[in-house]
Each structure stands twice: as C-alpha cells, then as structure tokens.
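Structure, as structure tokens:
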Amino acid sequence: MIPTKMTIAGALLLVGTAAAQAQEACSVYTVQRGDSLSGIARTAYGSISYQALWDANRTVIGSNPNAILVGMDLKLPCADGSLPGSGTVQASATTPVPEVGADGPVQIRLVTGTDYPPFTQEDMPGGGIYTQLVRAAMDTMEPRYETSITFVNDWDAHLEALLPAHAFDGSFPWLKPECDKPETLTPTTSARCETLLFSDPFYEIVNGLITRSDSPLAATSDYDDFHGTSICLPEGYVDAPLAAGGLVEPVVTYFRPANPDDCFSALMAGDIQAISLEIVQADDIAGRLRLGDAVASNPTLTMVKLMSVYVDKSNPKAEQVIEALNAGLKNIRDSGLWFTTVRDGFAAYYGD
C-alpha cells in the first residue's frame with residue numbers, strides 16, 4: 001500500500017493559479033494549470049502525501065517535486081502501489097557488466113549507519129530503503145563486482161577515519177554538496193568537495209523548516225525572519241540546507257541533540273523556534289509523538305537535497321566504485337526496480 005501517515009509534507013509550489021482538476025488513483029493524469037503534487041495527491045488519495053507520486057514519476061518530474069509542468073503525464077499509483085497499465089515502468093536494457101578479470105571480481109566494501117529510518121536502519125528489512133537501493137544497483141553489476149554493506153553506527157567515523165584509511169570504499173547516505181556553488185558551502189561541505197567523490201543521487205529528499213503551527217514562521221517566505229532564532233539541527237546532520245538560506249551561526253543559534261525527537265520536545269516547550277529536518281522523517285516523528293496539527297512544515301522554505309554515496313578520492317578504486325554505482329543506479333531506474341523498491345520499503349515501514 002501507499003504510505004498515508006505523512007501530514008507535514010505536501011505544501012509545494014503551484015503551477016499557475018487556477019484550481020486543480022479532478023484526479024483518480026490508478027490512472028494517468030495530465031498536469032493542468034494550477035496543479036501541485038500535493039493537490040493532485042490530496043484529490044486522488046485524500047490524506048496521502050505527494051511523496052509516492054514523486055517516486056512513481058521521477059523519470060518525468062526529475063529531482064525537484066516543485067518542477068511539474070503543464071502537460072506532463074503522471075502515473076497515479078493504484079491502491080496496491082502498482083502503476084496503472086503495467087505495474088511498474090517499462091524495462092529497458094541494462095548497462096553491460098565487464099567480464100571478470102584474471103584477479104577475480106572487484107571487491108567493493110560499503111558502510112552505512114542506523115537511526116535514519118526508513119532509509120537506513122539495521123533492523124529494517126534489507127537495512128532500510130536506501131540500503132536496498134544500493135544493494136539492488138550493485139547486484140546488477142555482478143559478476144564483475146562483489147559488494148558488501150556493513151553498519152557502523154558512528155557517522156563521523158565514516159568520513160574521519162574509515163574512508164580515508166580505505167577500510168571501506170564508500171559510505172551512504174550523505175547529502176551531495178553543490179560544489180559548483182562555492183558561495184553556498186560551509187567549511188564542512190567545502191572540505192568534502194575537496195576530498196570526496198559523489199555518486200549520482202540514489203534518492204532525493206525535501207528538507208524543510210518545522211515550526212509550531214501557531215508561529216508566524218510557519219507561513220513566512222523570507223529566511224531573514226528566522227534571524228535571531230534557535231534552530232534544532234540534530235547531531236551528525238549537516239548544516240548545508242540552513243546555510244543555503246543564510247541561517248548559520250551566529251545569525252541563528254543551533255541546538256544539537258543526539259536524538260531528533262528531542263527537537264520536537266524543545267519546539268513544543270518554546271526553547272527553540274524551528275527544526276531543520278527532512279520532511280518524511282519529521283512527519284514520522286510528529287506522528288509518533290502524537291503532535292497532530294501542533295507542528296507544521298513551512299510550505300515555501302523547502303529545499304530538495306540529493307542523497308549520494310561518498311567515496312574518498314585517495315582510494316585507488318575511487319573512480320571505479322563511482323562508475324559501478326552510477327551504472328547500477330541507471331539499471332534499476334530503467335528496469336522499474338528503483339520504484340518498486342521504494343514503494344515496498346515505505347509500505348513495510350508504515351505497516352501497510
């Protein structure tokens with residue numbers, strides 16, 4: 001089933017200003033003037049978030065859910081999560097896998113961590129949705145490559161010790177910095193541009209600013225209104241989304257708890273004014289804490305962020321690992337396996 005628990009997500013920019021047209025699940029819908037993904041989802045499914053629509057139509061919409069255009073044909077998933085007509089997208093030829101060399105398969109060792117459900121979580125089926133995507137992609141590259149994935153629950157150690165020492169060949173999932181826009185980079189992300197290579201994004205997330213629903217910040221369209229506030233950025237989470245909006249210290253004050261749940265407790269207590277978080281994760285936490293309509297995601301101050309695999313440039317296999325990851329990702333997108341993996345992963349996580 002399509003997940004139905006997400007309530008914060010969904011207020012995305014409109015195409016034009018006219019009212020959205022009628023839509024039905026399990027059909028192909030042509031985008032009209034005035035449509036948004038959230039509006040289409042609300043009409044077709046009731047309380048459903050736009051996320052499943054975006055996932056089902058990534059090859060049409062691309063990496064920005066705001067960028068739907070009049071005339072686009074979107075597949076509206078059926079009740080069982082399949083797509084109208086064929087169940088998935090049309091399969092196409094996969095990228096050829098080089099033959100196994102004299103030295104045998106290339107060993108690729110990847111590392112991830114837990115506590116980022118539903119994307120990476122050791123006790124989830126397949127280790128979480130992102131873990132399943134990476135594994136599925138690399139499976140298409142066998143027998144030339146043999147891939148192992150290990151959980152090490154110290155995210156900082158991945159970048160500070162394990163990758164530089166070549167204990168592992170790649171770490172995921174991490175936000176891909178916009179290295180071609182140095183003016184938007186903090187010292188942390190700038191250093192990553194200098195020392196790391198990045199795979200093509202296996203998944204795109206929407207990062208938002210979560211506030212109390214009764215706060216004026218819930219509806220502002222100006223990042224400047226957050227100046228002087230305290231914003232929760234959980235420990236280990238990068239500040240790139242905030243930095244892109246100019247919300248860096250000392251302009252704002254960061255609250256850095258180890259557990260993202262503590263952000264919501266601090267928000268409701270009035271100790272902070274906002275939370276910087278991926279909106280699917282924020283929806284999950286708000287629902288679990290039974291906050292209902294007490295919190296909201298600012299509908300205009302959202303940013304699409306790319307989640308990639310990091311590879312240290314000093315690794316002798318760096319270019320080869322990136323090439324294999326990108327080729328495998330293309331294979332599962334072209335075959336439809338990317339969508340079914342995401343669909344089934346969310347369904348399992350939300351218990352549908």
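In this structure the side chain of Leu242 reaches within 4.5 angstrom of the side chain of Tyr254, judged on heavy atoms. Residues Thr300 and Thr302 form no side-chain contact, since every pair of their non-hydrogen atoms from C-beta on lies 4.5 Å or further apart. Contact check for Tyr237 versus Leu175: no side-chain heavy atoms found under the 4.5 Å cut-off. By the 4.5 Å heavy-atom criterion applied to side chains, Glu319 and Val321 are not counted as neighbours. Within the 4.5 Å cutoff, no side-chain heavy atoms of Asn315 are placed close to those of Lys313. Side chains of Leu247 and Pro241 form no contact here, defined as non-hydrogen atoms less than 4.5 Å apart.
Partners of Arg192 by salt bridge (Lys or Arg N to Asp or Glu O under 4.0 Å), not counting sequence neighbours: none found. Qualifying side chain to side chain contact (heavy atoms under 4.5 Å, CB included) partners for Asp55, counting only residues two or more places apart in sequence or in other chains: Gln51, Arg58, Tyr203, Trp338, Phe339, Val342, Phe346. Checked against ring-ring contact (aromatic ring centres under 6.0 Å, His included), Tyr130 has the following partners two or more places apart in sequence or in another chain: Phe172, Phe202. By the ring-ring contact (aromatic ring centres under 6.0 Å, His included) test, Tyr116 pairs with Phe119, sequence neighbours left out. Applying the side chain to side chain donor-acceptor pair (under 3.5 Å) rule to Thr188 yields no partners; only residues at least two apart in sequence or on another chain are considered.
If you run side chain to side chain donor-acceptor pair (under 3.5 Å) between Tyr29 and each of Asp35, Asp73, Asn57, only Asp35 comes through.
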Practice item. Show the numbers, then the answer: is there a side-chain contact (heavy atoms from CB on, under 4.5 Å) between Ile231 and Gln273? Key: CA-CA 6 Å; Ile231 300 178; Gln273 287 71 54; over 6 Å; no
Point to revise | Evaluation steps, side-chain contact (heavy atoms from CB on, under 4.5 Å), between Thr147 and Leu110 | key: CA-CA 7 Å; Thr147 306; Leu110 303 177; 3.8 Å; yes
Practice item. Quick one: do Thr30 and Met72 satisfy side-chain contact (heavy atoms from CB on, under 4.5 Å)? Show the steps, please. Key: CA-CA 5 Å; Thr30 302; Met72 281 184 173; over 6 Å; no
Exercise for review: Kindly determine whether Thr112 and Ile149 satisfy side-chain contact (heavy atoms from CB on, under 4.5 Å), including the steps that lead there.
Suggested key: CA-CA 7 Å; Thr112 186; Ile149 298 176; 4.1 Å; yes
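Checking Thr220 against Asn298 by side-chain atom types alone, no donor-acceptor pair falls below 3.5 Å.
A salt bridge is defined here as a Lys NZ or Arg NE, NH1 or NH2 lying under 4.0 Å from an Asp or Glu carboxylate O, and Asp200 with Lys330 fails to meet this definition. Taking a cutoff of 4.0 Å between a charged side-chain nitrogen and a carboxylate oxygen, Asp139 and Arg135 do not qualify as a salt bridge.
Both Leu289 and Ile275 are members of a single hydrophobic cluster when ILVMFWY side chains are connected at heavy-atom separations under 4.5 Å.
Side-chain atoms of Thr114 come within 3.5 Å of backbone N or O of Glu122 as a donor-acceptor pair. Side chain of Arg212 to main chain of Val295: no donor-acceptor pair is present (N/O by atom type, distance under 3.5 Å, no hydrogens or angles). For Arg288 (side chain) and Asp261 (main-chain N/O), no donor-acceptor pair under 3.5 Å exists by modelled atom type.
Hydrophobic cluster membership of Leu196, counting Ile, Leu, Val, Met, Phe, Trp and Tyr whose side-chain heavy atoms lie under 4.5 Å apart directly or via other members: Val111, Val152, Trp155, Leu159, Leu162, Leu163, Phe168, Trp174, Phe198, Tyr310.
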